[in-house]
Amino acid sequence: MTAEWTFLDHTFRIGEETLPYVRQGLNEETAQKICEIIRDIAEVDAVAVTDRQTILGYAGLGCPFMVRHQPILTRATRHVLATGRLRLVASKADFECPIAGCPCPLQAAVIAPLKVRDQVVGTLKLYRTHRSDIPGLMHRLGAGIAQLLSLQMELAEAERLRELAARARLEALQAQIRPHFLFNTLNTVLMFSRTDPDRARDLLVKLAVFLRRALTVRDEFIRLEDELEYVQMYLEIEQARFGENLRFRVRIDPRAFGCLVPVLTIQPLVENAVVHGLAPREGGGRLTVAARVRGDHLHVVVADSGVGIPAALRQEIFRPGVGKGMGLGLSNVNQRLVGLYGEAYGLRVRSRPGRGTLVRLVVPVRRQSGKEEPAS
């Protein structure tokens, strides 16, 4: 078998055998399996997989320093993480082992970046005990395997986002037709039917439109004004029940019209503010929803003057399974934003017990064409 066919055969076999583990996400257990598969098929002396901070998996020859859970200390690996470019390490001195007199037999390595949506999320490292083995085939093998793993990770992330979006829509629908929400709203309608029939009729129409929209939303993104129309309907229904205890206003920068936002991301923030912020407070309070464009980003703020979030709970609100009220919960919204745009786009929360809570959502400006557009 020629070197070219060996390269292709190794790459395809690695792709096939690592796929089930990559689909589970990059963690210590899956990274270890991936390292073992690559070591056995590629016939290298050692393999390591890292995230941006630590060694997640390691298989093969090495030293006490090169084990799982260790932080990334070498300049070579940090350089690949910072630049996103493959690097050859052709000298044992470049390993920068902190253990004096270490008998580690490894002499050279290929360090390749692992990327998801052009963001470096970790590295793949192939090691050899002889420097002459690194150029040529080893260089191409490292680059090829890293690209294949990156593609698999990106596809797995896209699949996870689709599942999150589908679950978000399902949870939204289930929450919006949950018995006690309908019970409370219909009780309010019944009350107004005796004192203000026109308002009762108007409230029933709003409830029907609100529920119908939950059934028909299918797209992953929606125009800001359409999402806020949904928010407005929700607030009007709740205001009929809470009366003067719920006061709200919605302010939109004209430049924000037409901007796309992930569907069902603002309404859960508003719902959280009403149910967990204002409803428990004696006398209720005020809620403000504001949206404006700053540079090439859309900023949406949901602020309430409610009871606030206790400091102990503030560390938990983004943990999956926490914060589920009538809507999706802050954790689901935060996960979707981070998955779509990256870690820098997670929700930002400020809260003072007894004074209220402010939640800020920031996304790149995108319009119907699907292209990002800087604001004028």
Exercise for the section: Report yes if some heavy atom in the side chain of Val80 is under 4.5 Å from a heavy atom in the side chain of Leu86; otherwise report no. Expected result: no
Exercise for the section: To the nearest 0.5 Å, tell me how far Arg352 CZ sits from Arg350 CZ. Expected result: 10.5 Å
Practice task
List the steps and the verdict of side-chain contact (heavy atoms from CB on, under 4.5 Å) for Glu238 and Phe248.
Solution key: CA-CA 11 Å; Glu238 290 291 65; Phe248 69 87; over 6 Å; no
Practice task
Would you indicate whether the side-chain heavy atoms of Ile38 and Ile41 approach each other to under 4.5 Å?
Solution key: no
Handout entry: With sequence neighbours excluded, residues passing side-chain contact (heavy atoms from CB on, under 4.5 Å) with Arg39
Key = Glu36, Val47, Ala59
Handout entry: Pairwise side-chain contact, Phe257 with Ile252, heavy-atom cut-off 4.5 Å (strictly under)
Key = yes
Practice task
List the atom of Ser305, the atom of Arg286, and the distance in Å for their closest heavy-atom pair.
Solution key: OG-N, 2.9 Å
Handout entry: Heavy-atom closest contact (Asp253 atom, Val293 atom, distance)
Key = OD2-N, 3.3 Å
Problem - Closest contact, heavy atoms only, Leu26 versus Val49 - result: CD1-CG1, 3.9 Å
Practice task
State which residues pass salt bridge (Lys or Arg N to Asp or Glu O under 4.0 Å) with Glu236; sequence neighbours excluded, sorted by chain then number.
Solution key: Lys206
Problem - Glu227 (side chain) donor-acceptor with Ile222 (main chain) under 3.5 angstrom - result: no
Handout entry: Cluster companions of Leu358 among Ile, Leu, Val, Met, Phe, Trp, Tyr (side-chain spacing under 4.5 Å)
Key = Val301
Problem - Donor-acceptor contact below 3.5 Å, side chain Thr83 vs main chain Arg85 - result: yes
What pairs of donor and acceptor atoms, side-chain ones from residues 189-201 against any protein atom, are under 3.5 angstrom apart with sequence neighbours left out?
| unit_1 | atom_1 | unit_2 | atom_2 | d |
| --- | --- | --- | --- | --- |
| Ser193 | OG | Leu190 | O | 2.5 |
| Thr195 | OG1 | Met191 | O | 3.4 |
| Asp196 | OD1 | Arg199 | N | 3.3 |
| Asp198 | OD1 | Arg201 | NH1 | 3.0 |

Practice task
Identify the heavy atoms of Met153 and Val121 that sit nearest to each other, and give their distance.
Solution key: CE-CG2, 3.4 Å
What pairs of donor and acceptor atoms, side-chain ones from residues 143-152 against any protein atom, are under 3.5 angstrom apart with sequence neighbours left out?
| unit_1 | atom_1 | unit_2 | atom_2 | d |
| --- | --- | --- | --- | --- |
| Ser150 | OG | Lys115 | N | 2.9 |
| Ser150 | OG | Ala146 | O | 2.8 |
| Gln152 | OE1 | Thr18 | OG1 | 3.3 |
| Gln152 | NE2 | Gly15 | O | 2.8 |

Practice task
Evaluate side-chain contact (heavy atoms from CB on, under 4.5 Å) for Arg336 paired with Thr265, printing each intermediate quantity in order.
Solution key: CA-CA 9 Å; Arg336 291 173 64 205; Thr265 50; 3.8 Å; yes
Exercise for the section: Find the distance between CG (Leu203) and CD (Gln239) and round it off to the nearest 0.5 Å. Expected result: 11.0 Å
Handout entry: Results of side chain to side chain donor-acceptor pair (under 3.5 Å) for Ser351 - residues two or more places apart only
Key = Thr357
Practice task
Walk me through it: do Arg348 and Val362 pass the test side-chain contact (heavy atoms from CB on, under 4.5 Å)?
Solution key: CA-CA 9 Å; Arg348 306 170 193 178; Val362 181; 4.1 Å; yes
Completion exercise
Output for pair (Glu28 CD, Leu56 CG), nearest 0.5 Å, gives 6.0 Å
Exercise for the section: List for me each residue that meets side chain to side chain donor-acceptor pair (under 3.5 Å) alongside Glu157, sequence neighbours excluded, and say none if there are none. Expected result: Arg160
Practice task
Sequence neighbours left out, what passes side-chain contact (heavy atoms from CB on, under 4.5 Å) with Val307? Give chain and number order.
Solution key: Pro280, Arg281
Problem - Qualifying residues under side-chain contact (heavy atoms from CB on, under 4.5 Å), relative to Asp40, sequence neighbours excluded - result: none
Exercise for the section: Measure from the ring center of His297 to the ring center of Tyr345 and say whether it is less than 6.0 Å. Expected result: yes
Exercise for the section: Taking the side chain as every heavy atom from C-beta outward, state whether Leu114 and Thr123 have any atom pair closer than 4.5 Å. Expected result: no
Problem - Minimum side-chain heavy-atom gap Val300-Arg360 below 4.5 Å - result: no
Problem - Common cluster, Leu155/Tyr341, ILVMFWY with side-chain heavy-atom separation under 4.5 Å - result: no
Problem - Side chain to side chain, Leu88 and Ile111, heavy atoms closer than 4.5 Å - result: no
Practice task
Using the rule that two of Ile, Leu, Val, Met, Phe, Trp, Tyr join whenever any of their side-chain heavy atoms come within less than 4.5 Å, decide whether Val205 and Val231 are in one cluster.
Solution key: yes
Problem - Crowding at CZ, Arg117 (>12 non-hydrogen neighbours, <6.0 Å) - result: yes
Problem - Donor + acceptor pair across side chains of Lys125, Thr50 (<3.5 Å) - result: no
Handout entry: Inter-residue atom distance Gln32.CD - Ile37.CD1, 0.5 Å rounding
Key = 10.5 Å
Handout entry: Euclidean distance, Gln24 CD relative to Leu19 CG, rounded to 0.5 Å
Key = 10.0 Å
Handout entry: Contact summary for Leu141 and Ala42, nearest pair of heavy atoms
Key = CD2-CB, 3.6 Å
Handout entry: Closest non-hydrogen atom pair, Gly84 against Pro113
Key = O-CG, 3.2 Å
Handout entry: Point-to-point distance, once rounded to the nearest 0.5 Å, from CG of Asn334 to CG of Leu347
Key = 4.5 Å
Practice task
For Tyr21, enumerate each residue passing the side chain to side chain donor-acceptor pair (under 3.5 Å) test, keeping only those at least two apart in sequence or located in another chain.
Solution key: none
Problem - Charged N-O contact under 4.0 Å between Arg13 and Glu16 - result: no
Exercise for the section: Can you sort out the partners of Asp226 under side chain to side chain donor-acceptor pair (under 3.5 Å), two or more places apart, ordered by chain and number? Expected result: Arg223
Handout entry: Contacts of Asn27 that satisfy side-chain contact (heavy atoms from CB on, under 4.5 Å) - sequence neighbours left out
Key = Glu29, Thr30
Handout entry: Verify same cluster id: Val338, Ile266 (apolar side-chain graph, 4.5 Å)
Key = no
Practice task
Might you confirm whether atom CZ of Arg292 has over 12 heavy atoms from other residues, nucleotides or ligands at distances under 6.0 Å?
Solution key: no
Exercise for the section: Please examine the side chains of Leu264 and Tyr230, heavy atoms only from C-beta on, and report whether any two atoms are closer than 4.5 Å. Expected result: yes
Practice task
Run the numbers on Leu260 and Leu224 for side-chain contact (heavy atoms from CB on, under 4.5 Å), then give the verdict.
Solution key: CA-CA 6 Å; Leu260 295 177; Leu224 174 69; over 6 Å; no
Problem - Side-chain donor or acceptor of Asp45 paired with backbone N/O of Thr129 under 3.5 Å - result: yes
